[in-house]
Amino acid sequence: MIEARHLRVLRAVAGTGSFSAAARELGCTQPAVSQQMKALEQSAGTPLLIRTGREMRLTQAGEALVRHAAGILAGLTAAEEEVAAIAGLRAGRVRLVSFPSGSSTLVPTALAAMRAAHPGTRISLVEAEPPRSVEMLREGDCDLALAFRYGGGAAGAAAEWEDLVVTPLLTDRLVGLVPEGHRLAGAERVGMAELADEPWIAGCPRCRRHLVEVCEGAGFTPRIDFATDDYPAVVGLVGAGLGVAVLPELAVESVRAKGVSTLAVEPAVEREVVALTLPDLARVPAVAATLGELVRAAAR
């Protein structure tokens, strides 16, 4: 295998015409230059220099290698500079995927902080709910994924994510939503069983499954009249008097809740919001910095 250090020595010998002059240019000893040239000729499998007294001339193979060495060494130098820029957060990219309520609450603060601290780092954002966001991470379509898991399914989710680096961000409590004219609109809190006879508006598939589990735990099966992944649509349907819903506080925070009343739900229903990445990606400086900003955004 031809090594870059040997190519640098060959170029110096070709440019100066002798081992001793090449050694002075490279800041090493003449025997070191001689040894590296021998190693290069062994790797190439053919002589590269013709030694006639004190004069050094390139063979045809040597001329070909010197001709290619310039481009190879220039490419290596460019690669080293680019890697150094990425490592120093002067360049690089992070592909982030987030569920919608995370995109509208945690992500803007974190990305604004990243842009201010590291303007050379490019961050892209797409939206996806788990488990699709987790699939995207494993498939190499993103570097960092915001996801969530509900308390009742934490053990299963932990097993599902055991190959990933999991960073907890916050605990997001679900709140009840009822129309402003509803009989429970003035209450501070409500038991799930008190909503047994209400028509329901459900959210994303994972949230929908969890809603059914919580309601069944309270002794009833919810009558879901409407289902939508769009949180503003959920709020709008509740505000129009078409049903009740439970939504994460992050989702309510990101939507103008017009025509609805929010109230605490008993028993408390919570989900854990986390950031996920792969172990190797966690060591990439730009990914680690973005993760740190997400943690700080969640703590505000």
Side-chain angles (χ1 to χ4, degrees), residues 1-97 114-124 126 136-145 163-165 276-293:
M1 181 180 293
I2 295 175
E3 298 183 25
R5 62 193 178 101
H6 294 158
L7 290 178
R8 290 190 176 95
V9 172
L10 175 63
R11 289 190 69 200
V13 172
T16 61
S18 72
F19 283 178
S20 56
R24 286 192 298 273
E25 181 177 300
L26 296 171
C28 60
T29 64
Q30 188 270 343
V33 171
S34 179
Q35 289 172 4
Q36 292 197 48
M37 285 307 306
K38 287 179 182 178
L40 179 56
E41 288 183 325
Q42 288 175 354
S43 297
T46 187
L48 301 174
L49 294 167
I50 299 172
R51 301 163 181 83
T52 56
R54 294 184 177 181
E55 185 183 13
M56 296 284 183
R57 289 190 296 110
L58 292 170
T59 65
Q60 186 178 0
E63 289 176 351
L65 198 53
V66 168
R67 188 168 64 251
H68 287 288
I72 293 169
L73 293 174
L76 281 173
T77 299
E80 288 168 354
E81 291 177 355
E82 184 173 348
V83 169
I86 292 170
L89 289 173
R90 300 191 305 277
R93 68 167 188 180
V94 178
R95 298 167 300 164
L96 174 65
V97 60
M114 275 294 294
R115 176 170 290 183
H118 310 292
T121 300
R122 294 182 295 108
I123 304 179
S124 62
V126 296
M136 291 174 66
L137 178 62
R138 290 199 177 100
E139 291 167 0
D141 294 329
C142 69
D143 305 307
L144 198 56
D163 60 321
L164 305 176
V165 177
L276 305 172
T277 191
L278 297 169
D280 288 341
L281 286 172
R283 297 194 294 271
V284 174
V287 173
T290 305
L291 183 57
E293 294 299 347

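Below, all heavy atoms of this structure are taken into account, side chains as well, without hydrogens, waters or symmetry copies. Please read all numbers here as calculations on a predicted model, not as lab measurements.
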Check your understanding: With side chains defined as the heavy atoms from C-beta onward, is the minimum distance between L73 and R11 less than 4.5 Å?
Key ->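 In short, these two side chains touch, coming nearer than 4.5 Å.
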Check your understanding: Side chains of L96 and D143: closer than 4.5 Å at any heavy-atom pair?
Key ->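 Contact flag for L96/D143 side chains = no.
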To the closest 0.5 Å, what do you measure between [atom1] ([X]) and [atom2] ([Y])?
X    : Y    : atom1 : atom2 : value
R8   : L40  : CZ    : CG    : 13.0 Å
R5   : L26  : CZ    : CG    : 12.5 Å
L7   : H68  : CG    : NE2   : 11.0 Å
L281 : L276 : CG    : CG    : 12.0 Å
Q42  : I2   : CD    : CD1   : 12.5 Å

**Study point:** Identified side chain to side chain contact (heavy atoms under 4.5 Å, CB included) partner of S34 from the options K38, Q36, M37
**Key:**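 With S34 as partner, side chain to side chain contact (heavy atoms under 4.5 Å, CB included) holds for just one option, K38.
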Exercise for review: State whether the side chain of E25 and the backbone N or O of A12 hold a donor-acceptor pair below 3.5 Å, judged by distance alone.
Suggested key: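 Looks like no, no N/O pair under 3.5 Å.
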Check your understanding: Taking the side chain from R95 and the backbone from G140, do they hold a donor-acceptor pair closer than 3.5 Å?
Key ->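 It does hold such a pair.
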**Study point:** Candidate pair L58 and L49, rule side chain to side chain contact (heavy atoms under 4.5 Å, CB included), full reasoning
**Key:** CA-CA 5 Å; L58 292 170; L49 294 167; 3.5 Å; yes
Exercise for review: Take R24 and T16, measure what side chain to side chain contact (heavy atoms under 4.5 Å, CB included) needs, and give me the verdict at the end.
Suggested key: CA-CA 10 Å; R24 286 192 298 273; T16 61; over 6 Å; no
